[in-house]
Every structure is written in structure tokens, then in C-alpha cells.
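Each remark here refers to the structure printed beneath this line.
Order of the sequence lines fixes the chain letters, A, B, ..., with proteins taken first and strands second; residue numbering starts at 1 for each chain. Atoms considered below: every heavy atom in the structure, side chains included; atoms not considered: hydrogens, waters and symmetry mates.
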Amino acid sequence: MLEVRDLEVAFGQIAPLCGVSFALEKGETLGIVGESGSGKSLTAMSVMGLLPLSGGRITAGSIIFDGQELTKLPEAAYRKLRGGRLGLITQNPMTSLDPLQKIGPQVDAVARLHLGITGQQARARTIEILGTLRIPEPALICDRYPHQMSGGMKQRIVIAGALAADPDLLVADEPTTALDVTVQAQIIRLLDDLVKERALSLVLITHDMSVVAQTCDRVVVMYAGRAIEQGPVEAIFAEPQHPYTQALIGCIPKGLSEDEHLVGIPGTVPTVMNYPKGCPFHPRCIRAEDICTKTSPSLLPRVDGAVACHFPGAAP
Amino acid sequence: MTNLLEVRNLSKQFKSSGGPFRKPRAMYAVNDVSFDLPKGRVIGVVGESGCGKSTLARLILRLIEPSTGSLRFDGDDLRAKSPAAMRRLRADMQMVFQDPYSAIDPRYTITRALIEPFVVQGRYTNGTADQEVSELLTMVGLSPGLASSFPHQISGGQKQRVGIARALALRPRLLVLDEPTASLDVSVQAQIISLLEKLHDDLGLTYLFISHDLSLVRYFCDEILVMYLGRVVEALPETDATVRHPYTATLMDSTFAPDPRQRRIIAPLEGEVPSPFDQPPGCAFADRCPRATAICRSETPVLSTAFGHAVACHNPL
């Protein structure tokens, strides 16, 4: 459905993304996980063709969506795709809705634009979609303004907007970060059901390994603008090969065992201005040797996945 | 074990003044909260946004004035203290704030931020300040070389370490930690948590740890208070105690396990937290509770230890 190969993005002289590759099949959920500044959201923006908005451009690599190359697509064609076959759910539902417009027209507009249907038909569709998102009294909600609703409800409306034109691929950029845990559980459950019912493909971008563990089929772990490890979710959690993935999993409190001890990863996430030479993780890595400071490891395939490390292997 | 902090029936009412089109309204941000914090213990306060956990932290340090209730710190009645006496006492009780970016004055160097507490307490002596600052920085795992940096020159994790160092400057006995890791990346969060664990053991500190992250609280704390709309609904004496309150059970269910083999179908809680301004009578959780019966909608349950530990529920699990 979606294949991203060796994607590189630059803002002027700065290259925050250098070498991101992954593929996603129909009906699959792919998790992109990483800490702040790792390039997760930029990857989403690249797929959605929204980079020019922030002054970025794709300098190398390709993005193929359903057989179509997106990196060379003219803006007019992209407009048809975006919101139509490509849906986007943004992080902050408080800012992604127009505060001056009622809910109904905001969701209707998507279907009217992309499916070419009348206002009445679009409203009927909107009400149906709001219903499937378990929003109580959808017809009444259409006449409300965003400020009259809670954060969880607003995020459902944003999802409704993304679904209005029957997309094939949904990109969700941290859809639950701004929400409380019980609401997060509702939204994640909802997305999971949608993927199954509509055979959607979902790219779920998150910093939360627990969310990935609970929802995704495949995982891409990003660090400093690179995809450093990827594979099926079970393999990534059971036998991570990259020291960063191992350390990241070790940072989450798991349960109540007395022996468990959180250590964290020494140092800090590099910012785009000071990406280290060689392997970007080497200053914080326990396995780093001379070669890691000099050459950047390339993404090498391993059993049903890939890892970019000079010394991959199970944790000692 | 003696209690360092005793909180009894603490409440805080906020009033919104009316306007031309609005009646004045009142709500309880914290409602009838009581608990004991023994010396050396770590108590976690957990709840969703708006449940009053941060207000509770500020009430305890009297950064805002409680409406009713009593506060005792090491036997002293805090509410009877004059502002000057309270200021002296705060040397013993310090707070670490959620957002390290706004908790440190951007125009201050790290040194200046760290000697501020001494200046406030009138304990500042010119000669020993540098020594004191480098000791504090070493204690929180920072290089003393950072002393002359400004906040914008260091990372978020380092800033939070400075926030902790500043809270420790006067060697307090109680540290109130208000979501100290909520704005940090997970790898840095784990560093800060392990630093706090080490300081707890080395300095014999007592913590009140406020967080929305139940798995973190269960990992870090000895006891847990679960809050919902201003009230403590359950007080778990051990982190692995059997959960009795349906809300606590839901919170536990909503917390994802970081393990794909433990994937489960969760039945998410329907509905949302009601507005504190027009709370329904009875139990605040009744509308979302799968176990609610008629009494839950008429009578507010009080904390009762009839089932082992304190639970405020008419139909506990």
C-alpha cells in the first residue's frame, strides 16, 4: 500500500531526515516510534506532501502509494489525494478544528470536496460516520462548536473528518498524546476497530512503546532522523537487535517486580543541529566502538525486518 | 513510624465570579482529602487531568490557601503559621514542578537559580556559594561546569535536574513532585526517576509523587492515592494491593502493557469526567460506572476501610 524508500528531507542546509525506509500493506498497522526530534512527524508530513508548508523538501528517496510515486506529484494532484485517499489525524485536536465553524459543516466539507456529493448527502454521511465513532446523538453534535466538546470528543471529530472521504491510508500523528489515559484507551480501541472493519492501512506515530505493543503489526524505530530498526511487533519486543531499541524498551516500567530497575539512557537525544557523526546513537551506546564514531551503519535486513547497527544482537 | 505530614479533611473551593450573562459558580478542586505521609515513604497521587492532584500539591505547601481542613507537618499545624513562619518552614518542604522550561528564570544562570533558595531564607553567605552549587550539581548528576550556563543552553532533562537540585538546596525533608517527568522523553524520564530513587535512599527523603501515569506510580511509590474529581476514591496501601474501586480498575485496564504478547481487548470506559461545576448528586463516577446502583446516584460514598483498605464506593469490587 505504502512504500517509503531511503527518504531524505532537508530544510536548507539542515537534513533532519536521512534514510528512512519502510513498507506497509493493506489492512496493516505500522507504528513509527521514537523520542522527540527523531523525525517521526516529519516522516508523516513527507507522506502527506505537507513539507513545502514548513519550507522543507524531499532531497532523495521515494514514497510509493498504491503504485503511484508521490515525491514528484504536482500539488494539484496531491490535493485530490490528501483528505481523499490519504487521511491525516493530527496530534492536537484542540487546534485542528476550526473554532468558528460548527462540527457538521467541517466534516461535510471533506466528503463534498472529494466525493462530489451534495450537501444533504454529505450530512447524512457525516451523521453515519459520527455514529460509527460512538459519538452519542450525532445529529445534534453537528450543530455544536468545537469549544463545546471535550478533548476526546474533538479527537473523534478529527477522525471523522479523516474518514469522511473513505481513505485507504490513515496517518495518525500522536493521536492520543494530548488525552487522558482512559480517553486514550477509547481512541486507540476505535482506531483498531476501524482498521479491521474498513481494511484501512494505518501509520501510527507515537513516542509510547506501550501503545505500539498494543496496536501495531509492524514497528519502525527512529532515532535522529533515521529508521534504525524495524520488524514485526513481536520480534521487536521479544528480540530487539539494536541497542537503542533495547534501551528504549528498558525505560518503561513494566510491572511490580522488586528486581526491576529503570536506568534510562545516559545523555540526551541529539537535536538536528548536532547529529553525531557515524552512528547517531554512538555517544549514548554501551556497545560503541571506533567504527561507530566514523561510519554510519546501513539498514541491513535480518529475519523479517532490518537493523542499522555495527554490532547488532541480543542484549547482554 | 512517625508521620511527617498529616492531611485532614482538606478542601479547596474555587469560585468563578459572575458576569453580565453568567451566574457566579463554585466548585471544589479538592474535596475532603485526608491521608498520612510517614517519614521516608513515597506516596503517589494518580488521576486524570482535572482531578485536583496539582491543586492538592499546592495546598500542602500552602502556595494556595485551603478553604477548610487541617495540615500538620512534623506535628506543627501549618495553617496556624504566619506567612513569615511558613516561609521559614518551606525550607523543610520543597516542590519540583512539572515543566522545567518555565520553572527556572531564563535570565538566571544555573548558579543564580541554585542560590536563590538561600537568599530567600536569608542564609546566603558569599564565600560558600560556589562550593554549595557544585555540590548540588554533583548530587543530581550534572557537571559543576554547567554552573555558569543559562537555562536555554541545557536540555530539558538537565533543566529538570537543576529543578531538583534547587528543591534540594535547603536540605528539605519532604519533596512534593508534581509530574516531574511529564514533559520529558522516556529515556530521560527513566534517568530522572532513577535519580529520584537514589536521592530518596541517600538523603532519607519523603516524597509525595503526583502523576497521571499509573504504571510509573506503581513502579516508583509505596502507596497510591487514586483521585477522581477532587476526592480520593481509593487509597492502596501497597502497589500490588487488590483494587476495589471500579475507577481504579478502569485506570489499570486503560494502562497499556509494553508487551505485544499481553495484548488484550480492553472495554474502554464510556463517557467523560463530568464538569466539577455541576456535579451530579451521589458518587461522581456513577454515570460511567458499570456497577452503579440507585444509591450511587443519591448518596456520596465516603472512604471506608470495611473492605481492607480505604475505598469510597457503595459497590466495591
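- Residue-level contacts of residues 32-39 of chain A with chain B, in order of numbering, are Glu35(A), Ser36(A); threshold 4.5 Å between heavy atoms.
- By the 6.0 Å contact criterion, OH on Tyr28(B) is open, its count of non-hydrogen atoms from other residues, nucleotides or ligands being 12 or less.
- Considering only heavy-atom pairs separated by less than 4.5 Å from chain B, the leading option among Ala247(A), Pro136(A), Gly151(A), Cys251(A) is Cys251(A).
- With a 4.5 angstrom heavy-atom cutoff, Ile236(A) does not touch chain B via any of its atoms.
- Interface summary for chain A: among Ser187(B), Ser155(B), Gly141(B), the most heavy-atom pairs under 4.5 angstrom belong to Ser187(B).
- Heavy-atom minimum distance, Asp259(B) versus Ala213(A): N-CB, 3.4 Å.
- Applying the 6.0 Å contact sphere to CD of Glu25(A) captures no more than 12 heavy atoms from other residues, nucleotides or ligands.
- Heavy atoms of Pro266(A) lying under 4.5 Å from chain B belong exclusively to its backbone.
- Annotation: maximal heavy-atom pairing with chain B below 4.5 Å, among Leu190(A), Leu179(A), Val181(A), occurs at Val181(A).
- Among Ile188(A), Val212(A), Asp208(A), Ile252(A), the one residue that satisfies the side-chain contact (heavy atoms from CB on, under 4.5 Å) test with Phe256(B) is Ile188(A).
- When the options Leu248(A), Ile249(A), Ile265(A) are evaluated for a side-chain contact (heavy atoms from CB on, under 4.5 Å) with Val186(B), the one that passes is Leu248(A).
- Proximity to chain B involves both the backbone and the side chain of Val211(A), based on heavy atoms less than 4.5 angstrom apart.
- The local environment of CD in Gln153(B) is crowded, with over 12 non-hydrogen atoms from other residues, nucleotides or ligands closer than 6.0 Å.
- Using a 4.5 Å cut-off between non-hydrogen atoms, the part of residues 190-199 of chain B that approaches chain A consists of Ala190(B), Gln191(B), Ile193(B), Ser194(B), Glu197(B).
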